[in-house]
Amino acid sequence: MPAPIRLRELIRTIRTARTQAEEREMIQKECAAIRSSFREEDNTYRCRNVAKLLYMHMLGYPAHFGQLECLKLIASQKFTDKRIGYLGAMLLLDERQDVHLLMTNCIKNDLNHSTQYVQGLALCTLGCMGSSEMCRDLAGEVEKLLKTSNSYLRKKAALCAVHVIRKVPELMEMFLPATKNLLSEKNHGVLHTSVVLLTEMCERSPDMLLHFRKVWILVPQLVRILKNLIMSGYSPEHDVSGISDPFLQVRILRLLRILGRSDDDSSEAMNDILAQVATNTETSKNVGNAILYETVLTIMDIKSESGLRVLAINILGRFLLNNDKNIRYVALTSLLKTVQTDHNAVQRHRSTIVDCLKDLDVSIKRRAMELSFALVNGNNIRGMMKELLYFLDSCDPEFKADCASGVFLAAEKYAPSKRWHIDTIMRVLTTAGSYVRDDSVPNLIQLITNSVEMHAYTVQRLYKALLDDISQQPLVQVSSWCIGEYGDLLVSGQCEEEEPIQVTEDEVLDVLEGLLVSNLSTPVTRGYSLTAIMKLSTRFSSVNRIKKVVSIYGSSIDVELQQRAVEYNALFKKYDHMRPALLERMPIMEKTASNGPTEIVQTNGETEPSVPDTKHPPLVTQPANQANDLLDLLGGNDVVPVIQTTLPTKPASAGGELLDLLGDLSLSSGPAPAPSVPISQPPFLLDGLSSQPLFNDISAAIPPMTAYSKNGLKIEFTFERANPNPNIAVITIHATNTTEADMTEFVFQAAVPKTFQLQLLSPSSNIVPALNQGSVTQVIRVLNPQKQQLRMRVKLTYTHKGSPIQDLAEVNNFPPQSWQ
Amino acid sequence: MMRFMLLFSRQGKLRLQKWYTATAERDKKKMVRELMQVVLARKPKMSSFLEWRDLKIVYKRYASLYFCCAVEEQDNELITLEVIHRFVELLDKYFGSVCELDIIFNFEKAYFILDEFLIGGEIQDTSKKSVLKAIEQADLLQEVHTHTHHREKK
């Protein structure tokens, strides 16, 4: 049997193949040769054959029949065999393979081999791809090697331990003693891998983290090592562009980050070194900036003092001006993460960030866009919007939807004037009209409705836009709706904001009818325009024309259009007397309390004056249900409690019992099924009325009160009396937060004595922003038919600075007018 | 941690793949194909970083070879560039002005060097000298065995 061809020979041969088919043929031929060689159990050339197999594997050809051969190579005594064998194992024998575990014994033997390079091979293989079982079996060996004085092995053992811990976290404990004096090593390899090991342990185990922080007092040790690196002179072995061992520096900074997080003492201990690194690191090359970047990440994550934080943000600001786009990229990413917490500091770099909108790199543009939106406020809205609209004009389609949404949101929050707002919307609709999200149409309609004085201007601008372009559906839909609504203003030529245009009724109807027949219009758009035409029947005089159009569509193929047309036809015939009332101008729509896509009734030109009914946005439904649970617990076999103005500690009164019941309340315990508590499904007390109390004249008579104020959380109650039922008190809670951290997952629950009925509506949000930057509002309706003194037990839950907080409180100081 | 490293040519030929997490062969092939497409489509003026699936990709082109690493959210992209550069330096020192052909014809040696530089995606030794010395010694060990073996054969 001739000797199998050498590896390099094979590679050369395969590379001469001119087609894929030719290559495949060569590979198949060689594979066949290799297979028979394997079958002959040839020890001499096994290594060569496996190497060739690995090459073919890299080209994409199957190589599983070489798995067992790798095992044989590993078991061989020859170093060459072992080298290729272990390489083959790492490429072909990952933990998903059945025969993976067969390696365990060999690896165990090799971990104890007399030659450190063999031990190294074993450690490397185990550390790269050992399965959980293998790690369990061999952890002891690794631990042993972690204690050796041979730094070549020690560093590898450390990384192997990292892998073991990743695979089998429970084994972490056993490595603890061995790590004790790792940091006193001089060898940089051991130092680096030790820091990686310590980092892995800290990240996975809070107990370990605490132990390192408090018992080992790791921070000063790390600070010392870092300091030595910076202060020491030139060390050729570890120097990279004038910086001493940047890899180690970065790893130490990362470990410091984890140790300093949420710990004042540790953060303080590292303050100086961070400032030193931040100010002294050479920034001309990437390597220096890599260290600065890690430093900034650390500063932002620990409890650093404000001076240090400003320093960090300024570094990021400088990064933004760097020619290297990689540096700009990481700067934008980091700024995006900190813009909420360090808003003012980031604002200072606003113009640089806006310039990045013009960058050629897509990722940089995206980040710059997100950051720009985060930085928009009342002061800079005009300037920022100009830049962002320009960006919207010229950006790639993938950005347009997000940018348009962002513009709408920002405009809604900070518009300096109604005219500006409408102009901005128009600009977005005309330049990116096909990319705006579907829900923006109803939002815009609502906005336009509420800007009463701008109606004439708006409809005129929208009409002109329609004349130019009817392809962008959202624009067309909003325009049709407005023309239907305000067509009378359009033809009357009254417009204060700009030169009024002269347009006749027929011209308007031409445009709307054009939309109906155009291929560009979607069915939804057609619906909008048909309804608009119908509405104009009460605003225009050319009713006959409209009648004709409507009757034509009575036989439209589109079912939706047909239905509308038929109904509108009926309006003309049988119900003509109702038509003017039905097609009246829309009332101003109340904005519901929710943010974001509001649950506006899709008006779409509905003929009934749309009363926003009591369907609530499905934002947070739990509070209402949990209030039910509380009330369920109040039920039971108690008689109607004697209502006295008693203190909660008096157990004799039924009122006291009531409150004690709530005192034992815990959400985890199943509530005793309340037999006949009618409160379990509180009916909508005020059907048919909007969620906001519309009648505020009585509210002035009832003074607001502070219901709760503790730990920075303050809850105020304001009152309205809901007409027409004077037994219903409508209370709006306002929750504010004076601390410097947001209160998230905020849930407000309330329970009242049995004679009352309570309904809790959805809150405006469940984050109470820090430093009184905003409030959470929620409406409570209390039915008090017996006119008894109002009392309430409230339960608050929220997350503050990472810890969950829960509190129960009594609210007894209701002003008499609220229940009398 | 580094999840994987790929080396590939501008024509989309894979020259080295090192995976630090257990992944099915089928998935590996898919990911490699996808990622090569994404990276090869990048223009020269673009940054070396991009987001792909839930990972961060750091890549750099050295002559005709792309060096591509996938790292996790919390990893430092800038230092990853330095890791790539260090690997290239090691290859360069070992092969003497390394070029793609060296890596093609000596792929197993490229792996040996990588495995002496990184374990589990992390750097074992930050000293270039130390890594190169270890490879040198291991090569010697290999030679001794081969030499002995050939002597025996005769």
Side-chain angles (χ1 to χ4, degrees), chain A residues 7-8 11-12 15 51 54-55 58-60 78-80 83-84 87 90 94-96 115 117 120 123-124 127-129 131 152 155-156 159-160 162-163 166 188-189 192-193 196 237-238 240 245-248 250 254 286-287 289-290 293-294 297 325-330 360-364, chain B residues 1 13-25 29 43 45-51 58 74 76-83 85-86 104-108 111-112 115-116 118-131 134 137-138 141-146 148-149 153:
Chain A
L7 171 63
R8 321 271 173 242
I11 297 177
R12 214 182 334 263
R15 281 170 64 79
L54 294 179
Y55 177 73
M58 183 142 66
L59 292 179
K78 297 215 287 268
F79 184 67
T80 319
R83 241 183 166 185
I84 294 290
L87 178 60
M90 285 194 271
D94 72 14
E95 62 188 47
R96 292 152 169 271
T115 310
Y117 297 105
L123 280 168
C124 178
C128 283
M129 45 84 82
S131 64
Y152 177 76
K155 69 190 186 191
K156 290 179 193 275
L159 290 182
C160 204
V162 171
H163 179 82
R166 281 181 185 152
H188 280 226
H192 185 273
T193 57
V196 173
E237 198 175 341
H238 302 109
V240 180
D245 207 338
F247 301 108
L248 183 55
V250 165
R254 185 158 157 183
N286 179 62
V287 66
N289 288 321
Y293 178 41
E294 196 75 34
L297 291 176
K325 52 197 131 25
N326 295 333
I327 311 274
R328 292 205 297 277
Y329 179 97
V330 302
L360 291 162
D361 186 310
V362 160
S363 316
I364 291 185
Chain B
M1 66 173 266
K13 291 260 183 192
L14 194 60
R15 298 302 180 204
L16 190 146
Q17 54 173 335
K18 186 77 186 181
W19 296 79
Y20 292 111
T21 50
T23 318
E25 195 67 38
K29 285 206 165 116
K43 305 194 195 60
K45 285 257 184 265
M46 292 177 151
S47 68
S48 294
F49 311 136
L50 61 100
E51 270 157 7
V58 180
Q74 69 275 20
N76 181 328
E77 297 100 315
L78 297 178
I79 206 74
T80 309
L81 275 176
E82 294 299 320
V83 172
H85 191 73
R86 174 55 65 89
I104 294 171
F105 280 94
N106 301 285
F107 72 96
E108 86 279 15
Y111 273 111
F112 294 155
D115 287 337
E116 200 60 46
L118 302 176
I119 287 182
E122 305 282 0
I123 294 181
Q124 300 171 44
D125 206 319
T126 53
S127 156
K128 234 188 305 184
K129 196 170 88 175
S130 179
V131 175
Q137 300 284 60
L141 206 57
Q142 197 170 317
E143 222 152 284
V144 166
H145 277 197
T146 324
T148 327
H149 164 77
K153 263 240 120 171

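Labels below follow one simple rule: chain letters A, B, ... track the order of the sequence lines, proteins then strands, and each chain is numbered from 1.
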Proximal component of B:K128, with respect to chain A [non-hydrogen, under 4.5 Å]: backbone
Sub-4.5 Å side-chain heavy-atom contact between B:S127 and A:H188: no
Side chain / backbone / both / neither for A:R15 at chain B, heavy atoms under 4.5 Å: side chain
B:T23 versus chain A, the contacting section by heavy-atom distance below 4.5 Å: backbone
Contact check, side chains of A:M90 and B:D115, non-hydrogen atoms, under 4.5 Å: yes
Engaged part of B:Q74 at the chain A interface, taking heavy atoms whose separation is under 4.5 Å: both
Geometric cation-pi criterion, B:R86 with A:F247: 6.0 Å, 45°: no
Lys/Arg-Asp/Glu bridge criterion (N-O < 4.0 Å) met for A:R8, B:E108: yes
Toward chain B, the part of A:Y55 with a non-hydrogen atom under 4.5 Å: both
Segment of B:K43 engaging chain A (4.5 angstrom heavy-atom cut-off): neither
Region of A:R83 that comes under 4.5 Å of a non-hydrogen atom in chain B: both
Part of B:V83 within contact of chain A (heavy atom distance under 4.5 Å): both
N-O pairing of A:R166 and B:E122 below 4.0 Å: yes
